[in-house]
2 protein chains.
Amino acid sequence: MKSARFITRNSGVAIWRQIADQIRGDITAGKMPSGARLPPEVTLAERFAVNRHTIRSAIAALTKEGVLRAEQGRGTFVANSKKLTYRIGERTRFSEILATQVRETRGILLGHRIEDAAGEVAAALGMAGGQVIRIDSMHTADGNPVSCATAWFDAARVPNVVEDYRVSGSITAALKAAGIDDYLRKSTIIAARHADAEDLRHLRLSPGAIVLVSTAINVDMDGHPIEYARSRFAADRMEIAIDGKSMV
Amino acid sequence: MKSARFITRNSGVAIWRQIADQIRGDITAGKMPSGARLPPEVTLAERFAVNRHTIRSAIAALTKEGVLRAEQGRGTFVANSKKLTYRIGERTRFSEILATQVRETRGILLGHRIEDAAGEVAAALGMAGGQVIRIDSMHTADGNPVSCATAWFDAARVPNVVEDYRVSGSITAALKAAGIDDYLRKSTIIAARHADAEDLRHLRLSPGAIVLVSTAINVDMDGHPIEYARSRFAADRMEIAIDGKSMV
DNA sequence: TGTTTATTGTCTAGTTGTATAGATAAATAG
DNA sequence: CTATTTATCTATACAACTAGACAATAAACA
């Protein structure tokens, strides 16, 4: 029924974390559907050959993550862990996409700076020199961090984008303030990698977690690139769907 | 010079392990060539904002792994960490391949059992029913575990393969004992994934490590499949090269 | 040459985290 | 009422991390 369970002692990785990762893996792999009951703590303790308290540490971590839900006297259950779906199409707006799936989304400015346009950023924005504004931000859905993003804009085109974004928490609103009433998604590239240290902090992940990386170019209605952005989504909490006219 | 360094406290992953993983990552990513000197312990301690003893734990782990080498009064250096290359061609023999790179290789029988031929195994071996012998083994190079493998054989074709392999530690020898003097590699598929618990044990890896998975079919000189094998290589210690007439 | 400086190695000590063991309470289902 | 299951508590042992001091080695310098 369950795959062989081994843990490595004295590896620098706590046993409770190894167990938590295995259980989370089983759940996200679909071995345990939403609502399914976990074996009781004593059974798990025997199966992993550890103390019951160690199992409880693992369960506590997953409960805090929202993956499990423990009910005294009844058992421990797989929480409603439906992933959010980030559907990418020609008109892709963070808050609109999630509006039907969560109660509230928020964009938080983490930092910004001016950089010289160079390399892939310059290429994506169609710039030959000049300066770009870089904005680092993160997004929450119902209070849970779901993504963090780095976006680059042509500094000449949208000089006040930082302040506008800080106030509104929305790229769409910040661009509108710069006279760009509408924009379209021109291209999206999706990759996956281990979360780096910064992702871990902002998305509240544990080391070894996986992030989906979406690299996108948005253009104005004349087709001129206005934003180049790289977003990292916690792969545990989010999946990405590509709409129609397959855009890559 | 060095990418931003963050560590996550109280994550269930010891700080020394997080630091060791980052340093090892820098080295295998080529940021620190073989022989390069690491910054002194006090500098690293400041950079990671941890105690010097914690840095020493990370360095000790990497020294034990053979990745670093510390010299009192001089500094800590990147050891000669050249990966072994597993070159796959039509004539692929584990011991022959590594013969020029290491002093000594060994095959160790971990376990075996009889299974009903089914699914991908039956398909690969061209069997419609009957039984297969499954052998789990691991390989060491100069005493260091470098791979573990699961191989399936048609039980009717090589009935004594287990005993022959146990004695010789060599598939080539075991097949010869069954009258198969020579064999060829027909196909190889290579993938990568996180090491599972069994890989961790046998290859002495730490949780989160990555393994290269090679799935291969060997055929006799008449082209009949005789072995279907899935080998897992520690991606830290081994890389795979594909020879000529690109076979996939 | 001897001296200073930079670096790794070793030691003691205290705090917090991790894992074990055992006992008991509280809630649920039958 | 009873059996099952999660929740709490005490206690012990060891690992992990911090802090500070000093020894040992190597290289650079006067």
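The structure presented is a predicted model; accordingly, all values stated were derived computationally and were not measured. Here is the naming used below: chain letters follow the sequence lines, and residue numbers restart at 1 for every chain.
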Check the interface with nucleotides 26-30 of chain D: list each N/O to N/O pair with the protein under 3.5 Å, or write none.
from   : atom 1 : to    : atom 2 : distance (Å)
D:dA27 : OP1    : B:R74 : NE     : 3.2

> Separation of B:L62 atom CG from C:dT8 atom P, in whole Å?
Replying inline: 14 Å
> Once you round it to whole Å, what is the distance between P of D:dA7 and CD1 of A:I59?
Replying inline: 8 Å
> If you take all heavy atoms of A:R9 and A:A49, which pair is closest and at what distance?
Replying inline: NH2-O, 3.5 Å
> Can you name the closest pair of heavy atoms from A:G12 and B:W16 and give their distance?
Replying inline: CA-CZ2, 3.4 Å
> Using 4.0 Å as the upper bound for N to carboxylate O, is an ion pair formed by B:E120 and B:R230?
Replying inline: yes
> When the nearest nucleotide of DNA chain C is assigned to B:T43 and to B:R56 on a heavy-atom basis, which residue is associated with the more 5' position?
Replying inline: B:T43
> Rounded to the Å, how far apart are B:E41 CD and D:dT18 P?
Replying inline: 14 Å
>> Taking the basic N atoms (NZ, or NE/NH1/NH2) and the acidic carboxylate oxygens, is any pair closer than 4.0 Å for A:R134 and A:D136?
In response: yes
> Yes or no on side-chain contact (heavy atoms from CB on, under 4.5 Å) for A:I59 and A:L62, after CA distance, side-chain angles and deciding distance?
Replying inline: CA-CA 5 Å; A:I59 290 176; A:L62 293 174; 5.8 Å; no
>> How many whole angstroms separate atom CD1 of B:I55 from atom P of D:dA19?
In response: 13 Å
> Is there a side-chain contact between B:L44 and B:V50, using heavy atoms and a 4.5 Å cut-off?
Replying inline: no
> Do A:Y165 and A:I171 pass the side-chain contact (heavy atoms from CB on, under 4.5 Å) test, and can you show the C-alpha distance, the side-chain angles, and the key distance before you say yes or no?
Replying inline: CA-CA 6 Å; A:Y165 179 74; A:I171 291 292; 3.8 Å; yes
> What bend angle does the helix from C:dT1-D:dA30 to C:dG30-D:dC1 show across its length, from five-pair end axes and to the nearest 10 degrees?
Replying inline: 20°
> Does any donor atom in the side chain of A:S214 or A:R232 lie under 3.5 Å from an acceptor atom in the other side chain?
Replying inline: no
> Is the side chain of B:R17 donor-acceptor paired with the backbone N or O of A:S11 at a distance under 3.5 Å, no angle test?
Replying inline: yes
>> Taking any heavy-atom pair under 4.0 Å as a contact, classify B:R37: base, sugar-phosphate, or nothing.
In response: sugar-phosphate
>> Under a 3.5 Å threshold, yes or no: a donor from one side chain and an acceptor from the other, between B:W152 and B:E115?
In response: yes
>> Protein within reach of the bases, or only the backbone? For nucleotides 18-23 of chain C, mark each nucleotide 5' to 3' as B, S or -, using heavy atoms under 4.0 Å.
In response: SSBBBB
> If only atom types and distance count, is the side chain of B:Q18 paired as donor or acceptor with the main-chain N or O of B:T8 below 3.5 Å?
Replying inline: yes
